[in-house]
> 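Could you have a look at this structure, given as structure tokens, before my questions?
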Amino acid sequence: MSHPHSLVHFLRHVSFPPDPHLLPTALKSCPTLPLARALHATALAAGVARDPFVASSLLHTYLRFGATVDARAVFDGTPRRTVVGWSALVAAHAARGDAEGAWRLLGEMRRGGGVEPNVITWNGLVSGLNRSGRAWDAAAALARMHGEGLLRPDATGVSCALSALGDVGLVSVGEQLHGYALKAGCSADACVVTALIDMYGKCARAGEIVRVFDESGHMDVASCNALVAGLSRNAQVSEALRLFREFVGRGAELNVVSWTSIVACCVQNGKDLEAVELFREMQAQGIEPNSVTIPCVLPAFANVAALMHGRSAHCFSLRKGFLLDIYVGSALVDMYAKCGRVRDARTIFDAMPSRNVVSWNAMIGGYAMQGEAVTAVRLFHSMLMCKQKPDPVTFTCVLSACTQAGLIEEGQCYFEEMQHEHGVSPRMEHYACMVTLLGRAGKLDEAYDLISDMPFEPDGCIWGSLLGSCRVHGNVDLAEVAAEKLFHLEPENAGNYVLLSNIYASKKMWDGVNRVREMMKDVGLKKEKGCSWIEIKSKVHMLLAGDDSHPMMTAIIEKIKQLNIEMRRLGFVPRTDFVLHDVEEQEKDDILAVHSEKLAVALGLISTSPGTNLRVIKNLRICGDCHEAMKFISCFEGREISVRDTNRFHHFRDGKCSCGDYW
DNA sequence: ATAGGGTTAG
């Protein structure tokens, strides 16, 4: 039966009536709805459509293609309408999210058909509603099943309902169901245990998930997986890793879902290098990644710019046919864009068989990150032409593109259009983009007015953006306003004090400088550790500011010293004003020397052959001094260097940067 | 005819 087409061909062209024993087999493997209809016509012509086996096959085949009307017509023509057919119809309506239709059928079967629903009918209803995202209806259906007093929900129904409750965060109902499962004696069922772990995990009850798992007392792989996912959701990455290692050690039969879960867990909790390592280990264990694993691991490659790993995931996906998958495609677009290969990203994007809002956002965001604002905006218009509805993320991408390129009127235009033409209310990040857009262009008062008119409380990013712009344009008054808010919102953020101090210093307002310095002594400051990644010969190196643990650190420092001498000789002046002011003047050079992006570039210079391009990723924004230094190094060493900071890409070449120093 | 676990953009 591997060639249904030939079978259909046979059935249509034989000169004697088709065998009712053959039709169900043909229907079972029938690949399309039109062919099913053709087979139905054949059956009618041959007078066998009412044969119980043929009719049942027709019913299920129509339901498989979602053709509920055809299915119902066939069912009504059936001599004896049994609970099996009714159940299938109810489940199909529920699975399409048609709760009302499903309930109507349930009533019809009892009154019109004189058939009582059984536990399978109810379970099918709960399960279908759950899968179609009608969580409330699913919970209500289970409650009613219980309320009817005739049927006790079994493990299947409880599992489905728990799954639905987790999705909408109805933990109190979930707890009641947990209690029912204990009473009904199905709380040890493997599916119920897994569903409980899943439900508690989605409702932020990290303690409960471990308790349920421990009490279950046996190692079911799906429960293990739910546990890892639950811990991941609740940011307990070390606990998840510890348990995963324990499962491996105890010889649990972990599958591709288990490995995908732990990889996803690491990626979602900022442990990119661990994710890369686990992905490698999974394959060493003989578990082959599938089309879910790939989009899980790709962000890890993107975050540390592991282009070679990303490329091999691309090739693997190509061989496996995963490029047809919208998740895989979107994640590849994002990965290439974040590795600075926006053209490769575009190739993937153009070849995708279908695109959703995530795919478009990834591509538009990719251009924005490159500072290719015009292309980003053009693509946004193509998106609208393709009838793809934009979402809040789309506008974050479009507005940030405008910000990078100083497209002020355009940005303001999209900010208006977003609200009035696309019905997207501005969120914090949209205001942050607008404040940056106006502030960079020197329209500080307009930026301040916008903040004042915000319908909700501005956060630290908003005021931080204003403060940064005040630094660029030397506005002390607004800087003091912004800084006061920031000292309140994020008192431990060292950068804010430094910025304000720098603004005072640039105006020679030494009283202000001293005042800020005093404040810094009083509060416990937290500086986020600068961290950069560079991929050299398929290996990703991580370099931390002020950390000398890299095995090649002596050579790296030597290289930086040598570069500093050359820079000095050629008239390059270090921008020491980007350093914290609580550092003695003579130390400033040394502090600057260990910014992580410089360590990464130095390592790249001494580990690759002359002329090789270098790609560095950094967890903070690049500082002005490093920006100048990169320009110099690109020229002096004859290298192309790209640095992706939290904001965008900087491509250094022949002493110039692609951002045109506007950042 | 019904069941539980992993996925992409900012």
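All values below come from the heavy atoms of this structure, side chains included, with hydrogens, waters and symmetry mates left out. So that the names make sense, note that chain A is the first sequence line, chain B the second, and so on, each numbered from 1.
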> Checking all strands, does A:Ala91 fall into the base, sugar-phosphate, or nothing category for heavy-atom contacts under 4.0 angstrom?
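Nothing, no nucleic acid heavy atom in range.
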> Give one of base, sugar-phosphate or nothing for A:Val192, where a contact means two heavy atoms less than 4.0 Å apart.
nothing
> A:Ser87 near the nucleic acid: base, sugar-phosphate alone, or nothing, with a heavy-atom cut-off under 4.0 Å?
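Contact class for A:Ser87: base.
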> Which of residues 393-405 of chain A have a heavy atom under 4.0 Å from DNA chain B?
A:Val393, A:Thr396
> Listed by chain and number, what are the salt bridge (charged side-chain N to carboxylate O under 4.0 Å, His left out) partners of A:Arg311, not counting sequence neighbours?
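Per chain and number, A:Arg311 pairs via salt bridge (charged side-chain N to carboxylate O under 4.0 Å, His left out) with no residue.
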> Quick one: how far along DNA chain B does chain A reach, first to last nucleotide 5' to 3', anything under 4.0 Å to a heavy atom?
B:dA1 to B:dG10
> Quick one: list whatever passes ring pair (Phe, Tyr, Trp, His ring centres under 6.0 Å) with A:Phe395, sequence neighbours left out.
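Counting only residues at least two positions away or on another chain, A:Phe395 forms a ring pair (Phe, Tyr, Trp, His ring centres under 6.0 Å) with A:Phe380, A:His422.
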> Hey, does A:Asp325 reach any base, or is it just sugar-phosphate, or nothing, if we go heavy atoms under 4.0 Å?
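No contact.
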> Determine which pairs satisfy side chain to side chain donor-acceptor pair (under 3.5 Å) with at least one residue from residues 178-192 of chain A, sequence neighbours left out, and list them in order.
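Listed once each, the pairs are A:His178-A:Tyr200.
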> So, A:Phe349 versus A:Trp360, ring centres under 6.0 angstrom or not?
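Yes, close enough.
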> So, using salt bridge (charged side-chain N to carboxylate O under 4.0 Å, His left out) as the criterion, who are the partners of A:Arg644 when residues are at least two apart?
none
> Taking side chain to side chain donor-acceptor pair (under 3.5 Å) as the cut-off, I'd like each qualifying pair that reaches into residues 287-296 of chain A, sequence neighbours left out, listed once.
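Applying side chain to side chain donor-acceptor pair (under 3.5 Å) to every pair that reaches into residues 287-296 of chain A, excluding sequence neighbours, yields A:Thr260-A:Thr293, A:Glu288-A:Lys320, A:Asn290-A:Thr293.
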> Applying ring pair (Phe, Tyr, Trp, His ring centres under 6.0 Å), name anything that partners A:His93, two or more places apart in sequence or on another chain.
none
> Determine the contact category for A:Asp189: base if any of its heavy atoms lies under 4.0 Å from a base atom, sugar-phosphate if only primed atoms, P, OP1 or OP2 are that close, otherwise nothing.
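Base, at least one base atom sits under 4.0 Å.
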> Is the A:Phe213 to A:Phe247 ring centre distance short of 6.0 Å?
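Yes: the rings meet the under 6.0 Å criterion.
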> Which pairs, with at least one residue in residues 393-403 of chain A and sequence neighbours excluded, count as a side chain to side chain donor-acceptor pair (under 3.5 Å)?
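Side chain to side chain donor-acceptor pair (under 3.5 Å) check on residues 393-403 of chain A returns A:Asn361-A:Thr394, A:Asp391-A:Thr394, A:Thr396-A:His430.
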> Could you pull out all residues at least two apart from A:Asp344 that satisfy side chain to side chain donor-acceptor pair (under 3.5 Å)?
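Residues passing side chain to side chain donor-acceptor pair (under 3.5 Å) with A:Asp344: none at all.
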> Give, ordered by number, those residues of residues 340-369 of chain A having at least one heavy-atom distance below 4.0 Å to an atom of DNA chain B; if nothing qualifies, reply none.
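Hits under 4.0 Å, by residue number: A:Val358, A:Asn361.
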> Just to verify, what does A:Lys202 make a salt bridge (charged side-chain N to carboxylate O under 4.0 Å, His left out) with, not counting sequence neighbours?
A:Asp167, A:Asp198
